[in-house]
Amino acid sequence: MSQMFPHLFTPLDLRHKTLKHRLNFGAHTANMAEDGLPGERHLGYYSERARGGAAMIVVEPVPAHRTGVLTRGNFRHEDDSIIPAFRRITDACHAYGTVMIQQIYHVGQHGDWDNSFEPAWSPSGLPSYHDMDGSHAMTEAEIEEVVEAFAQAARRAKEAGFDGCELFAAYHALIDQFWTPWSNRRDDRWGGSLDNRTRFSREIIERIRRYVGEDFIVGLAVSMEPDVDAALKLESLAEIVAWHDARGLIDYVTCGTGSYFDFYKIIPAFTYEDKLGAQFAEGLKAAVSHARVQAESHIRTPENANYVIASGQADMVSIVRGQIADPHMATKAMEDRPEDVRGCISCNQMCWGRRYRDYWISCLVNPSAGREFQWGGDRFAPAAAPRRVLVVGGGPAGLEAARVAAERGHGVTLAEAGPQLGGQFRLAGLQPRRGQILDLIAWYETQLRKLQVALRLNAPMDADEIRDFGADVVVLATGALPSEAGFQRALPDRDSLPGIARGQVHSVEDVMTRAARPGKRVILLDDGGHWRGAGTAWHLAEEGHEVILVTPQAMAGWELQRTSTELPLRRRLAALGVRTLTDSAIMEWHGDSATLRNLLDGTETRVDADSLVLATPPVAADWLQHDLADSGLEIRAIGDCVAPRRAYQAIYEGRKLGLAL
Ligand SMILES: Cc1cc2nc3c(=O)[nH]c(=O)nc-3n(C[C@H](O)[C@H](O)[C@H](O)COP(=O)(O)O)c2cc1C
Ligand code: SF4
């Protein structure tokens with residue numbers, strides 16, 4: 001057993017089951033149902049995490065009722081046909097000794113009509129904070145219908161082989177709406193006193209117990225929203241949890257952060273501190289006598305998890321994104337190999353970023369997530385015939401291709417033109433709070449060293465050198481370069497920005513490497529709406545520059561909405577005094593000022609600045625592909641040198657190629 005994480009890796013009794021340790025994989029909508037049923041994608045995803053050592057897995061929620069359907073990938077509600085399909089998942093995961101729980105949810109007033117085609121039901125008919133719809137105040141008969149629907153869902157979970165269920169009362173979902181006086185304004189037996197507001201959850205749990213018997217875990221998922229007055233305060237939440245605990249209704253409670261009022265803390269990105277939920281779990285732990293308490297939300301690492309248990313803040317810990325990023329986190333930590341754990345970078349780009357657009361989830365650092373059934377999990381089959389592989393370029397695409405090829409037994413050389421690995425991704429890691437990216441690059445360095453990849457730094461290679469190297473296959477991962485033209489999407493008929501030759505114009509890359517030293521007053525033209533521009537604006541403002549961010553979009557960080565990070569970013573920029581000019585383009589740079597056009601009304605203004613920083617579309621560094629086209633060599637190009645995009649496409653293409661060589 002682990003010497004490094006002794007508190008985390010001790011067993012824990014939970015009703016009729018014993019968890020083999022205290023590191024769990026908590027509930028999250030992976031959105032992977034096919035025709036409402038868990039299929040191969042789902043099976044591969046969960047069984048990889050069970051194989052990787054998670055003690056308890058809470059499988060993504062089944063909507064309790066037709067009015068609770070929330071996503072395109074939700075499972076069929078109120079339908080026994082899910083039972084045999086889920087039995088495959090529970091059987092596969094039980095084989096690894098994993099305790100299996102199913103979450104059951106209903107978000108009440110915060111529904112999604114586009115998926116449910118039903119009006120949202122709620123205690124008192126308050127509006128949704130998910131979209132702009134209003135909701136329907138439930139009648140007594142409708143309350144009874146939903147109580148029964150929850151209990152039937154639990155009955156199905158038991159018949160499908162689950163060891164228990166988790167009732168979703170977090171983030172101001174339906175159960176929480178009954179608990180919270182702000183949303184429960186009823187004057188019948190379902191509202192008012194504590195006993196009345198908890199009647200809904202109590203009736204659900206008592207009926208579940210009647211249907212499933214004693215050998216079935218019942219957990220409660222709650223969350224703490226400290227920033228919104230309408231939400232329950234910690235004392236009230238603790239009182240409610242203690243109320244259920246005192247009556248023996250619950251076996252565990254897990255406490256997340258945030259709510260539909262302030263979505264950003266539900267899946268906290270790197271803008272938030274580590275162990276965000278632990279303090280609230282601690283508050284609940286002080287209130288209960290029987291139930292186990294689980295901490296969650298940005299616990300991130302085995303080190304943090306062990307600390308939470310050792311300090312007595314919680315009995316067990318859920319790490320969701322950390323185990324999306326590395327499905328074998330638990331085993332690696334248990335074996336005292338934390339340096340092998342590929343860390344989640346808290347970016348939300350491919351997990352929540354895909355769920356936000358109603359696709360099945362994946363992961364920026366682990367593109368096998370959701371593809372385990374096609375790509376063989378996060379494990380690598382030896383290559384049929386080892387080959388000599390030359391990877392040119394040490395950014396994310398090249399790093400991943402080199403790593404996976406080496407994992408499969410190929411002899412790999414990685415040549416990087418610069419003095420360090422990471423490419424432009426390293427520059428992203430230098431932006432404020434994004435140091436987890438540097439940790440990831442350090443992880444690659446460790447893995448490449450262990451895999452004996454021959455590393456050449458400061459080693460630019462031209463076509464002749466590549467030909468002379470004598471590789472069986474050459475992987476070109478040479479990335480992209482900043483454009484020096486200043487092209488703007490909003491002005492497609494202009495290939496370049498007039499006046500750019502007047503000087504004091506820099507790329508974000510030159511700013512982040514400190515090759516450029518912009519003056520005090522900076523205009524940053526952000527054509528992309530992603531971290532490349534906005535994170536550089538943040539960096540410059542932190543360094544004391546007066547920054548004006550100019551964007552053709554309706555707000556700074558437009559593209560970050562899907563990652564649930566744009567509001568924390570905009571708050572930060574505002575606090576640092578960054579001015580944002582939206583719906584704007586730059587017509588001309590004068591060397592000491594810029595002429596800006598408002599894209600809504602066409603008016604033009606001149607704004608003084610010492611420097612102009614460009615976050616405009618980069619260009620592919622693809623000349624080696626052209627130079628080597630007739631070389632007769634097996635050439636594979638991946639990442640930005642094919643088309644400038646983001647790190648997740650680069651790592652995806654690196655992994656895909658590494659698996660195919
Ligand atoms: C894509 C995604 C979907 C989620 N969906 C749910 C959900 O359906 N139910 C739930 O209780 N929590 C859900 N969560 C929240 C997680 O349980 C967890 O609280 C959150 O990811 C923060 O923990 P972490 O830092 O360990 O990832 C979701 C998280 C992610 C990333
Ligand atoms: S996409 Fe980003 S936040 Fe989500 S699990 Fe992967 S690394 Fe973590």
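Remember, it's 1-based here, ligands and their atoms both numbered in the order they're listed.
Contacts of Glu296 with ligand 1, taken as heavy-atom pairs under 4.0 Å, involve the side chain alone. Using a 4.0 Å cut-off between heavy atoms, Gln103 contacts ligand 1 through its side chain alone, with no backbone atom that close. Neither the backbone nor the side chain of Ala369 comes within contact range of ligand 2; no heavy atom lies under 4.0 Å.
Using a 4.0 Å cut-off to heavy atoms of Leu364, the atoms of ligand 2 that qualify are 1 (S), 6 (Fe). Applying the 4.0 Å criterion to heavy atoms of His298 picks out, from ligand 1, the atoms 23 (O), 24 (P), 25 (O). Ligand 1 places these atoms under 4.0 Å from at least one heavy atom of Ile319: 26 (O).
Of all the listed residues (Ala325, Gly353, Cys363), Cys363 holds the heavy atom that lies closest to atom 6 (Fe) of ligand 2. Closest to atom 8 (Fe) of ligand 2 by heavy atom, among Cys344, Cys351, Ala647, is Cys344. Compare Thr257, Val320, Asn31 by their heavy atoms: the one nearest to atom 26 (O) of ligand 1 is in Val320.
In terms of protein heavy-atom proximity, atom 27 (O) of ligand 1 is nearest to Arg321 NE, 2.8 Å. Nearest protein heavy-atom contact of atom 7 (S) of ligand 2 is Ile345 N, 3.4 Å. Looking only at heavy atoms of the protein, atom 23 (O) of ligand 1 is closest to Ser297 CA, 3.4 Å. Of all protein heavy atoms, the one closest to atom 3 (S) of ligand 2 is Asn348 N, 3.0 Å. In terms of protein heavy-atom proximity, atom 3 (C) of ligand 1 is nearest to Thr29 N, 3.4 Å. The closest protein non-hydrogen atom to atom 20 (C) of ligand 1 is Ile266 O, 3.4 Å. Distance from atom 5 (S) of ligand 2 to its nearest protein heavy atom, with residue and atom name: Arg321 O, 3.5 Å. From the protein, the heavy atom lying nearest to atom 15 (C) of ligand 1 is Tyr171 OH, 3.7 Å. Regarding atom 6 (C) of ligand 1, its nearest protein heavy-atom neighbour is His28 CA, 3.3 Å. In this structure, atom 30 (C) of ligand 1 lies nearest to the protein heavy atom Ile267 CD1, 3.5 Å. Scanning the protein for heavy atoms near atom 2 (Fe) of ligand 2, the closest one is Cys347 SG, 2.4 Å.
Looking only at distances, a side-chain donor or acceptor of Thr331 sits under 3.5 Å from a matching main-chain atom of Gly52. Judged by distance alone, the side chain of Asn184 and the main-chain N or O of Arg197 form no donor-acceptor pair under 3.5 Å. In this structure a side-chain-to-backbone donor-acceptor pair under 3.5 Å is present from Asn31 to Gly73. Looking at Asp251, its side chain never comes within 3.5 Å of a backbone N or O of Gly219 through a donor-acceptor pair. The closest donor-acceptor contact from the side chain of His65 to the backbone of Thr67 lies under 3.5 Å. Checked by atom type and distance alone, the side chain of Glu78 pairs as donor or acceptor with a backbone atom of Arg66 at under 3.5 Å.
With 3.5 Å as the limit, one finds a donor-acceptor pair spanning the side chains of His530 and Arg646. Judged by distance alone, the side chains of Asn24 and Gln294 do bring a donor and an acceptor atom under 3.5 Å apart. If you check the side chains of Asn348 and Arg562, you find no donor sitting under 3.5 Å from an acceptor. Asp262 and Tyr171 form no side-chain donor-acceptor contact under 3.5 Å, judged by distance and modelled atom types alone. Side chains of His244 and Thr198: no donor on one and acceptor on the other come within 3.5 Å.
An N or O contact shorter than 3.5 Å is missing between Tyr105 and ligand 1 by distance. The shortest N or O to N or O distance between Arg355 and ligand 1 is not under 3.5 Å.
Taking 4.0 Å as the cut-off, Ala27 counts as a neighbour of ligand 1 on heavy-atom distance. Judged by the shortest distance from any of its heavy atoms, Pro61 lies inside the 4.0 Å radius around the atoms of ligand 1.
Proximity of the aromatic rings of His110 and Tyr260 is defined here by a centroid distance below 6.0 angstrom, and this criterion is met.
Checking each of Trp182, Tyr129, Phe263 against His172 for a ring pair (Phe, Tyr, Trp, His ring centres under 6.0 Å) leaves exactly one that passes, namely Trp182.
The CD atom of Gln349 sits 10.0 Å away from atom SG of Cys363, with the distance rounded to the nearest 0.5 Å.
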